[in-house]
Amino acid sequence: MILIDGKSTSLQIQEEIKARVELRAGDGHKKPHLAAIIVGDNPASRAYVGHKIKACERVGFESTLVELSESVQEEQLLMEVEALNNDESIDGFIVQLPLPDHIDDQKVLEAVRPDKDVDGFHPVNAGNLSLGLPGFQPATPSGIIELLKRYEIETSGKHAVVIGRSAIVGTPMTLLLSRNANPGNCTVTLCHSRTQNLEEITRTADILIAAIGRPHFVTKSMIKPGAVIIDVGINRIPDPSRKSGSRLTGDVDFEGASEVAGSITPVPGGVGPMTIAMLLRNTLEATERPV
Ligand code: NDP
């Protein structure tokens, strides 16, 4: 069984990005600049943004954090987005999700200038992805593609099963796996909460991607021997043995799955760090875009 190490792969990519930034600095280019808007005090969101800012420092990017209170009005948030759209020193920015209930996420995401939308959530970038045109790709599925590539996992002609159809993970994942590219050329089945006979389907998967948000949902019996298992889930579960009283775990029962899988990503240390690396890569691309 091969452990697909997203943490070390992410660090390797960050080293490559850092080298590129230094090379560009030598040619007189400014540092790439990523901004993030965070609304409220959700601890998970704060942790994710914190990781992204730290990664910016590691690779030599500038970063700006715009912190807004939980009670911020949608109009004010849209003004902050517009300010970042118009700030030419900012190459790309993200609005950390989820947003409070009184704010329309979609309206905010659509306000981001597509050429600064390094999360790839704007309909223009989502449309480009579905048409196979250049644009920013969402970081999590593109991080998975990068892992498949760097681990030289054969995808052509394979049956990939994706569980979860969200706009940020499952749906773009199916597009990337099915396109005529390497990695790609999979025959893809997209499963969701209404899928019937899920276990029968997953047992036919050469590549199984779990993006559900339910701890240990994918068990050993759902896996074809030798399959590649990619666990996107990040779930906090109680763990009295930890000082914090909890720990993070994936959508896959890692121990059971490891007994049958050919290769598998751990949680933490799998897809999560790759998401950050791909966000940095998108920001570097935003910096290098033709003016
Ligand atoms: P969503 O809640 O948006 O989507 C979950 C999907 O899982 C839905 O399509 C849902 O189906 C499906 N689902 C739920 N229950 C079942 C079931 N019993 N059987 C089959 N399908 C089911 O989640 P996200 O895509 O945003 O995130 C998924 C997980 O990935 C979460 O744990 C999240 O924290 C994590 N995540 C990790 C990232 C990383 O960097 N590693 C980045 C983003 C997310 P339906 O559409 O029918 O409701």
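Indexing begins at 1, ligand by ligand and atom by atom, following the structure's order.
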Query raised in the report: Taking C-beta and beyond as the side chain, do Ile38 and Ser45 meet within less than 4.5 Å on heavy atoms?
Result: yes
**Report entry** Ile234 vs Tyr48 side-chain heavy atoms within contact, under 4.5 Å
**Finding:** yes
Query raised in the report: Any ion pair linking Asp239 and Arg242 (charged N to carboxylate O, less than 4.0 Å)?
Result: yes
Report summary line: Min over Arg214, Arg194, Arg165, His192 of heavy-atom distance to atom 8 (C) of ligand 1 lands on Arg165
Query raised in the report: Counting from 1, what ligand 1 atoms have a heavy atom of Asn235 closer than 4.0 Å?
Result: 32 (O)
**Report entry** Minimum heavy-atom distance Gly60-Val21, with the two atoms named
**Finding:** O-CG1, 3.8 Å
Query raised in the report: Taking the non-hydrogen atoms of Gly170, is any one of them nearer than 4.0 angstrom to ligand 1?
Result: no
Would you give me the side-chain donor-acceptor pairs under 3.5 Å for residues 163-172, sequence neighbours excluded?
unit_1 : atom_1 : unit_2 : atom_2 : d
Ser166 : OG     : Val169 : N      : 3.0
Thr171 : OG1    : Arg165 : O      : 2.8
Thr171 : OG1    : Ser166 : O      : 3.4

**Report entry** Note: Arg24-Glu288 ion pair, threshold 4.0 Å (strictly below)
**Finding:** yes
Query raised in the report: Heavy-atom distance to atom 5 (C) of ligand 1: which of Val162, Leu190, Ile163, Ile212 wins?
Result: Ile212
Report summary line: Of Val232, Ile230, Ile276, the residue with the heavy atom nearest atom 35 (C) of ligand 1 is Val232
Query raised in the report: Which is closest to atom 26 (O) of ligand 1 by heavy-atom distance: Thr171, Ile168, Val271, Ile144?
Result: Ile168
Report task. Indicate yes or no: at least one non-hydrogen side-chain atom of Arg281 is less than 4.5 angstrom from one of Met278. Result -> yes
Report task. Among all protein heavy atoms, pick the one closest to atom 19 (N) of ligand 1 and tell me residue, atom and distance. Result -> Phe217 CZ, 3.5 Å
Report task. Could you state whether Leu208 and Val252 fall into the same hydrophobic cluster, counting links through intermediate Ile, Leu, Val, Met, Phe, Trp or Tyr residues with side-chain heavy atoms under 4.5 angstrom apart? Result -> yes
Query - Test item: Pro138 and Thr140 side chains (from C-beta on) under 4.5 Å apart, heavy atoms - result: no
Report task. Pull out every atom of ligand 1 sitting under 4.0 Å from any heavy atom of Gly272, numbered as shown with elements. Result -> 40 (O), 41 (N)
Requested in this report: Please write down residue, atom name and distance for the protein heavy atom closest to atom 48 (O) of ligand 1.
Outcome: Ser193 OG, 3.7 Å
Query raised in the report: Any Lys/Arg nitrogen of Glu88 or Arg113 sitting under 4.0 Å from an Asp/Glu carboxylate oxygen of the other?
Result: yes
Query raised in the report: Which residue supplies the protein heavy atom nearest to atom 42 (C) of ligand 1, what is that atom called, and how far is it?
Result: Thr140 OG1, 3.3 Å
Report task. Tell me which protein heavy atom sits closest to atom 43 (C) of ligand 1, plus the residue, atom name and distance to 0.1 Å. Result -> Val169 CG2, 3.8 Å
Requested in this report: Below 4.0 angstrom from a heavy atom of Gly213, which ligand 1 atoms are there? Numbered from 1 as shown, please.
Outcome: 28 (C), 29 (C), 31 (C), 32 (O)
Report summary line: min-distance protein heavy atom vs atom 34 (O) of ligand 1 -> Ile234 O, 3.4 Å
Report summary line: Looking at Ser166, Ala211, Gly6, Pro138, the heavy atom closest to atom 28 (C) of ligand 1 belongs to Ala211
Query - atom 40 (O) of ligand 1 [closest protein heavy-atom partner, distance rounded to 0.1 Å] - result: Thr275 OG1, 2.8 Å
Report summary line: Check: of Pro141, Ala167, Gly164, Gly250, min heavy-atom distance to atom 12 (C) of ligand 1 comes from Gly164
